[in-house]
Student: 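Below you will find the structure I want to go over with you.
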Amino acid sequence: MKQLARSDTLREKVEELSGQNVFACYQCGMCSAGCPLSEEMDLLPHQVVRGLQLEDWTVMESNTMWICASCLTCEARCPHGVDLACVMEAMRQLYLRKSLDHIAIDKLTTEEIARLPQIALVASFRKKTG
Amino acid sequence: MKGIAYFPGCSLKETAKDFEISAIAVMDALGIPLIELKRWNCCGTVFSLTSDDLMHHIASVRNLIRAQEMESPEVVVLCSMCFNTLKRVSLRVNRDEESLTKINAFMNKELDYAGEVEVKHLLEILRDRIGWEQVSEKVIHPLDGVSIAAYYGCTLVRPHEVGIDDTETPTVLQEMIESLGATAVSFPFQTECCGSYQIVDRRDLVINRSYRILSSAQRAGAQVLITACPLCQYNLDEAQTELAERLPDYTSIPVLYFTQAIALALGVEAGTIPDLLAESLVGQEIPKKEETTR
Amino acid sequence: MPQPRIGIFVCHCGLNIKRTVDTQAITEALGEYPGVAFATDYDYMCSDPGQRLIKEAITEQRLTGIVIAACSPAMHEPTFRRAAEEAGMNPYLCEMANIREQCSWVHQDREAATKKALRIVNTIIEKVRGNHPLEPVEIDHVNKCLVIGAGIAGIQAALDVAESGFAVILVEKEPTIGGHMAQLSETFPTLDCSQCILTPKMVEVSRHPNITLLTYSEVVNVSGYVGNYTVTIRKNPTYVDPDKCNLCGDCENVCPESTESEFERGLVQRKAIYIPFRQAIPSSYTLDEETCLGLRPLRCNECAKVCDPKAIDYDMLPEIIEEEVAAIIVATGYELHPISSLGEYGAGLIPDVIDGLQFERLLSASGPTGGEVRRPSDGKIPKKVVFVQCAGSRDPEHHNAYCSKICCMYTSKHALLYRHVVPDGEAVIFYIDIRAGGKGYEEFVQHAIEEERILYLRGKVSKIYREGDHVIVWGVDTLSNRLVEIEADLVVLAISIDPHPSNPILSKVLKISCDAEGFFKEAHPKLRPVESLTAGIFLAGAGEGPKDIPEAVSQGSGAAAKAVTLLVQEKLSHSPEVVDINENICSGCGICVNMCPYAALAVNGGGVAEVNEVLCEGCGTCVSACPTGAAQLKNMTTKQLNNMIEVALRDV
Amino acid sequence: MSEPKNNGFEPNIIAFLCRWCSYAGADLAGVSRMTYPSNIIPMRVNCSGRVDAEMIIRAFEKGADGVLIGGCHPGDCHYVNGNYKTRRRVLLLKRALEQVGIDPKRLHLEWISASEGTKFQRTVTSLTERIKQLGPSPVKNDPANRCYRPK
Ligand SMILES: Cc1cc2nc3c(=O)[nH]c(=O)nc-3n(C[C@H](O)[C@H](O)[C@H](O)COP(=O)(O)OP(=O)(O)OC[C@H]3O[C@@H](n4cnc5c(N)ncnc54)[C@H](O)[C@@H]3O)c2cc1C
Ligand SMILES: Cc1cc2nc3c(=O)[nH]c(=O)nc-3n(C[C@H](O)[C@H](O)[C@H](O)COP(=O)(O)OP(=O)(O)OC[C@H]3O[C@@H](n4cnc5c(N)ncnc54)[C@H](O)[C@@H]3O)c2cc1C
Ligand code: SF4
Ligand code: SF4
Ligand code: SF4
Ligand code: SF4
Ligand code: SF4
Ligand code: SF4
Ligand code: SF4
Ligand code: SF4
């Protein structure tokens with residue numbers, strides 16, 4: 001994965017893009033406990049928010065935002081109304097807007113492209129390419 | 001206008017034809033035919049979650065304009081993913097004059113969108129306008145003795161303001177199943193995500209999730225599972241093909257669109273149904289699994 | 001009329017006012033105001049030296065009225081009026097201008113705030129210019145006190161008032177007194193058996209000569225004012241004469257109808273004729289009309305047939321009781337947040353996911369399992385119990401924003417008691433924070449963790465569902481950042497505390513307010529925690545906010561002391577800022593008479609309106625309606641108001 | 001003291017606040033250190049029922065650009081039902097104001113309880129904004145209405 005240029009305003013950028021206040025999070029962990037894909041993540045969702053609170057850029061290197069499928073389970077349950085799906089999207093956008101794609105479309109076979117539902121392809125490209 | 005404006009979306013024209021075929025047949029039978037929007041386009045599939053990304057909503061707004069052109073106050077959607085996207089966009093722009101003006105200004109070739117079209121899922125029409133009793137009355141092949149699990153996935157119930165039912169304990173699909181004479185199976189994973197578009201490059205992850213969903217439904221006694229999303233349908237079925245290879249004990253269960261189940265019960269065109277299942281559902285001779293009594 | 005000599009006292013309140021309002025500038029400007037004879041500023045006007053300064057100025061400057069430009073009158077009006085009185089000035093010539101709560105604290109632009117402060121003070125100067133010396137209206141009062149709710153808070157309050165020699169009417173909605181405390185097994189932090197410490201108090205209530213106990217009763221109407229409230233109480237029929245019932249239980253045995261026992265929180269059934277628990281007070285059975293096969297027309301008659309002492313009377317009717325009381329103590333307590341609203345935790349549909357009070361019943365020696373912990377689904381002894389804290393609390397998004405305060409403690413207690421009864425059982429607690437801020441509380445929790453080896457996992461549970469014989473709990477441990485999935489035998493939810501559902505009804509009947517959460521609102525959260533804003537109505541217990549027993553009891557005693565302070569007074573005084581009728585202009589039209597919500601007005605034989613000063617609350621509604629201007633509020637006349645409006649709009 | 005620095009129009013708004021609810025709500029806003037525009041001059045009245053047409057008209061006559069009446073929520077009146085009377089009165093008065101050329105939007109009635117500090121803040125902020133947009137009251141510049149000066 002290519003590196004992202006760092007500056008020290010990660011939290012601000014993510015908050016602006018996501019419209020979320022990361023300080024609303026009181027680290028209860030309910031998001032992580034319910035996330036269907038958290039087993040595959042190297043940082044649990046609540047750790048990502050904590051990282052943002054701490055301005056810790058290493059959260060941008062975790063796979064969490066790419067694993068997140070925007071299923072909104074966390075959003076539905078977060079006691080403090082933090083929409084983590086938006087936070088994850090904002091983090092992805094920080095990459096993608098630098099034209100750093102996360103998947104290589106050319107690796108998909110024509111056969112795969114034909115079989116996969118269109119919504120899967122479009123969604124995936126929109127989430128993972130700039 | 002007799003009938004109701006309808007947005008199909010890309011998948012229903014390609015990989016999920018059965019969903020559309022059965023829905024059209026069912027709605028014809030129920031007397032509210034689906035009238036396809038003219039010149040509709042892809043809704044964009046996912047609602048853009050960033051706050052500054054108004055332009056990403058244009059694709060959806062164009063479709064709302066198509067409904068407006070038909071002078072329809074609403075548009076009905078089948079694919080729950082498209083439903084979610086269109087509904088969220090409609091909530092965002094219908095309520096917010098500023099966004100609406102911006103978007104209208106951007107689409108200079110279009111008629112202005114007035115911000116009034118309501119997005120409905122077909123299940124809402126069935127539940128709130130037609131009513132399950134009405135559906136029941138039209139059943140000619142009751143699906144007696146079949147246990148059907150209701151799988152909602154994410155986009156039908158989340159987020160709360162878009163969901164067509166309670167976020168945690170929805171019942172609309174179970175009500176539908178019961179109206180067809182079948183036994184509705186609720187199971188703990190009915191609103192758990194199947195992994196969604198991760199099928200494109202994280203197949204492993206989707207297979208994993210799907211396995212948990214399918215096995216949970218089977219443990220709860222399901223013989224058939226229904227969904228409202230082409231992607232859920234695909235993911236679950238894909239997973240089953242692979243599971244059948246990997247786990248010798250694994251018995252697959254049919255995954256149908258909810259409209260196919262209604263179509264079977266109403267005796268109208270249901271699209272492709274696994275032969276054995278079709279026969280047994282309609283002929284009511286489906287072999288019962290032991291778990292059903294649990 | 002002699003020239004007014006008004007004194008102005010501008011308070012800095014440390015930096016609270018001075019930071020945003022230029023106190024020096026306004027003091028100077030105010031010194032120039034017509035009629036102002038003296039103006040000064042000081043750090044803390046309410047302090048002793050501050051008050052002394054005011055008193056000295058009153059005498060030395062021969063002031064005819066004073067304005068204290070400081071905090072809200074709700075805060076210190078009594079303080080300064082008392083000071084004025086001590087200096088020989090009629091207290092009603094002292095007024096406060098609120099330049100703190102409604103000025104310095106809410107604005108940041110110093111210049112704008114200073115201008116506004118000046119305008120506010122100007123309006124109050126105009127008011128004082130028109131004020132007259134007034135004497136309080138004295139009123140007689142009755143010598144009784146009403147207590148609503150007979151949980152531990154209400155019981156304590158009733159006993160304390162009764163012990164001081166005053167009569168108490170104690171009204172309880174349920175068939176027995178005791179409230180939730182009666183349902184508890186053992187109580188933190190000392191693990192006394194709840195029934196053992198509560199029952200003696202319940203008996204004392206029933207025997208006390210000064211206490212009239214009305215159970216199965218509700219307050220339906222309240223009118224009047226402090227010292228002389230008239231309350232209407234409806235006593236619902238229990239269809240059993242408590243004096244005759246000997247608790248033989250024969251009726252219960254033959255009764256064919258049953259329903260979920262409220263006292264046992266649905267863990268078992270009770271009959272339509274029942275006693276909530278053996279030690280209930282009054283010790284008598286109650287026939288529950290709703291569950292009974294039917295009384296009108298009589299459908300069954302089985303219980304009366306077997307009742308030897310002929311205690312059962314199907315013709316009993318509701319009784320309406322009217323009482324005059326001087327003070328009212330409201331102690332309605334709490335209810336648990338409905339489990340059905342917790343969808344992710346099974347919405348109450350999983351039998352082995354229970355609430356804290358159900359677990360108390362399972363632990364209680366007098367409970368349905370005789371103190372053995374057996375789970376509801378199959379009666380097995382659970383070997384792995386998961387406790388989930390903050391269920392519905394601290395969740396502004398879906399449930400209650402507040403912390404329920406008691407659940408950290410009782411969860412710790414539950415785990416500890418469970419380990420005592422099931423020594424080979426495993427207890428796991430999911431928590432977000434442990435709030436154990438009472439005497440001996442932290443030690444209690446730490447003891448439970450260390451000695452009973454209870455595993456605390458820091459994280460909020462996200463999902464609970466049933467899988468075969470087990471209940472699966474999805475949680476996380478945010479200390480090790482590990483996901484946790486537990487197959488439990490039983491799950492106990494520490495469900496949030498809701499205000500008692502009768503709070504909104506009572507708040508209307510009593511005309512006292514509730515806060516946004518539905519708990520009764522205290523007059524001041526720190527300084528008047530057991531008083532409502534309405535004179536003579538006091539608050540105690542969990543109806544005012546989540547509370548444990550020690551706090552509920554302290555408040556019960558506190559509210560009782562407040563009520564007694566009122567009862568011991570020879571006469572009560574009533575604000576003289578009431579309406580005054582100018583007989584020379586009054587046309588006797590009677591419009592005011594109909595407007596008055598307190599029936600304080602009447603047109604007398606002379607054809608003019610007459611006011612009963614004791615009844616008049618000074619709302620001014622009649623003033624607005626009076627077509628001739630004859631009705632005027634003392635010290636807030638139309639003329640004064642007009643002048644105030646004018647100076648408020650004048651450039652400064 | 002000079003006019004506020006911005007050249008923009010700074011309206012004067014009189015707020016008649018019932019002492020039991022809205023005045024206490026305003027106090028709560030202060031205790032909670034909320035901030036709102038300083039264009040409002042609070043006047044404590046015993047009940048919103050005391051606020052009559054005369055007072056309101058008087059305020060406009062003497063140059064108020066807006067008037068706020070804060071009372072208890074319907075059903076919560078400390079004096080039983082004073083606020084119902086206010087509601088009726090304000091409705092009638094709005095029509096009358098229109099006839100004399102004062103935009104009825106300058107008069108605002110709001111139910112604010114003692115626990116609604118936030119609502120008080122919101123109300124004042126949006127009312128001030130609204131009055132700013134409406135501009136100075138047409139009555140204001142009429143010299144016949146200039147204020148009395150206390151002697
Ligand atoms: C699971 C659990 C365990 C607990 N364990 C402990 C513990 O170990 N130690 C501890 O200190 N605290 C414990 N508590 C807290 C304890 O229950 C409360 O502190 C205490 O019961 C509060 O007493 P109360 O009198 O304020 O309210 P309640 O006990 O709720 O009593 C209120 C009474 O008022 C009556 N009432 C309500 N409305 C009306 C009306 N309109 N008219 C007439 N009557 C009315 C009700 O019927 C009730 O009888 C526990 C709480 C729970 C939920
Ligand atoms: C840093 C800090 C911040 C706080 N902030 C808050 C807050 O924001 N809000 C809040 O609610 N609480 C706050 N508190 C708590 C608050 O200070 C206490 O709750 C309160 O002061 C307790 O009052 P008291 O009368 O019990 O005791 P004290 O204030 O300690 O008064 C006891 C008095 O008794 C006198 N005394 C002691 N022994 C004798 C004797 N033998 N003979 C005669 N006189 C004696 C002492 O000299 C003293 O004057 C804070 C406390 C601290 C330390
Ligand atoms: S659920 Fe919400 S509050 Fe809790 S850790 Fe996740 S983001 Fe933070
Ligand atoms: S939206 Fe993303 S982070 Fe949240 S629960 Fe779903 S997959 Fe997990
Ligand atoms: S379960 Fe997956 S595919 Fe189905 S709706 Fe959710 S995200 Fe879409
Ligand atoms: S009088 Fe009020 S404003 Fe002045 S110091 Fe005391 S509390 Fe502060
Ligand atoms: S049978 Fe009569 S005396 Fe015996 S418990 Fe019942 S009511 Fe009381
Ligand atoms: S007392 Fe403890 S368990 Fe209860 S709400 Fe507060 S933090 Fe949560
Ligand atoms: S001011 Fe008038 S209306 Fe109000 S209580 Fe007194 S007499 Fe009655
Ligand atoms: S309304 Fe005025 S004039 Fe009429 S009776 Fe009452 S005080 Fe007299």
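Residue numbering restarts at 1 for every chain, and letters A, B, ... go by the order of the sequence lines.
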Student: Under 6.0 Å from the CD atom of A/Glu16, do we count more than 12 heavy atoms belonging to anything else shown?
Tutor: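 Counting other residues, nucleotides and ligands, CD of A/Glu16 stays at 12 neighbours or fewer.
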
Student: Would the number of heavy atoms belonging to other residues, nucleotides or ligands and lying under 6.0 Å from CD of B/Glu98 be above 12?
Tutor: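 Not more than 12 within 6.0 Å, no.
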
Student: With rounding to the nearest 0.5 Å, note down the distance linking CZ in B/Arg203 to CG in A/Leu116.
Tutor: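 Atom-to-atom, B/Arg203:CZ and A/Leu116:CG are 8.5 Å apart.
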
Student: Hey, does A/Arg77 have a side-chain heavy atom less than 4.5 Å from the side chain of B/Thr167?
Tutor: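 Not in contact.
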
Student: Let me know if A/Cys68 has heavy atoms under 4.5 Å from chain B in its side chain, its backbone, both or neither.
Tutor: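 Backbone of A/Cys68 only, per the 4.5 Å heavy-atom cut-off to chain B.
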
Student: Could you check if a side-chain atom of A/Glu75 sits within less than 4.5 angstrom of a side-chain atom of B/His160, using non-hydrogen atoms only?
Tutor: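 No, side chains not in contact.
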
Student: To the nearest 0.5 Å, what is the distance between CD1 (A/Ile67) and CD (B/Gln198)?
Tutor: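 Answer rounded to 0.5 Å: 6.0 Å.
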
Student: Is there a side-chain contact between A/Pro117 and B/Thr15 (heavy atoms, below 4.5 Å)?
Tutor: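 Result yes, sub-4.5 Å side-chain heavy-atom pair found.
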
Student: With a 4.5 Å cut-off on heavy-atom pairs, point out which of B/Glu238, B/Arg202, B/Glu14, B/Arg209 contacts chain A the most.
Tutor: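 When all of B/Glu238, B/Arg202, B/Glu14, B/Arg209 are compared, B/Arg209 has the most.
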
Student: For a side chain to side chain contact (heavy atoms under 4.5 Å, CB included) check, start with the C-alpha distance between A/Ser18 and B/Thr50, then their side-chain angles and the critical distance, and finish with the verdict.
Tutor: CA-CA 5 Å; A/Ser18 65; B/Thr50 49; over 6 Å; no

Student: Side chains of B/Leu49 and A/Ser70: closer than 4.5 Å at any heavy-atom pair?
Tutor: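 B/Leu49 vs A/Ser70: side chains touch.
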
Student: Crowded around A/Gln53 CD? As in, over 12 foreign heavy atoms under 6.0 Å?
Tutor: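 It does: A/Gln53 CD has more than 12 such atoms within range.
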
Student: Please identify, among B/His56, B/Gln233, B/Lys13, the residue contributing the most non-hydrogen atom pairs under 4.5 Å to chain A.
Tutor: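 Heavy-atom pairs under 4.5 Å are most numerous for B/His56.
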
Student: Can you confirm whether more than 12 heavy atoms, excluding those of B/Tyr250, are under 6.0 Å from its OH atom?
Tutor: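 Atom OH in B/Tyr250 is packed in, count exceeds 12.
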
Student: Check whether A/Gln20 gets within reach of chain B through its side chain, its backbone, both or neither, counting any heavy atom under 4.5 Å.
Tutor: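 Neither part, no heavy atoms under 4.5 Å.
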
Student: Might you point out which heavy atoms bring B/Arg158 and A/Cys71 nearest each other, and give the distance in Å?
Tutor: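 Closest approach of B/Arg158 to A/Cys71, heavy atoms only: NE-O, 2.7 Å.
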
Student: If you tally heavy-atom pairs under 4.5 Å against chain A, which of B/Asp201, B/Thr85, B/Val157 wins?
Tutor: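 Heavy-atom pairs under 4.5 Å are most numerous for B/Asp201.
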
Student: Atom CG in A/Asp83, atom OG in B/Ser51: separation rounded to 0.5 Å?
Tutor: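 The OG atom of B/Ser51 is 11.5 Å from CG of A/Asp83, to the nearest 0.5 Å.
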
Student: Roughly how far apart are A/Glu39 CD and B/Leu205 CG, rounded to 0.5 Å?
Tutor: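 The CG atom of B/Leu205 is 9.5 Å from CD of A/Glu39, to the nearest 0.5 Å.
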
Student: Which atoms of B/Asn84 come close to chain A, meaning under 4.5 Å heavy atom to heavy atom: side chain ones, backbone ones, both, or neither?
Tutor: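 Nothing of B/Asn84, per the 4.5 Å heavy-atom cut-off to chain A.
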
Student: Might you point out which heavy atoms bring B/Val200 and A/Ala120 nearest each other, and give the distance in Å?
Tutor: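 Looking at all heavy atoms of both residues, the closest pair is CG2-O, 3.6 Å.
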
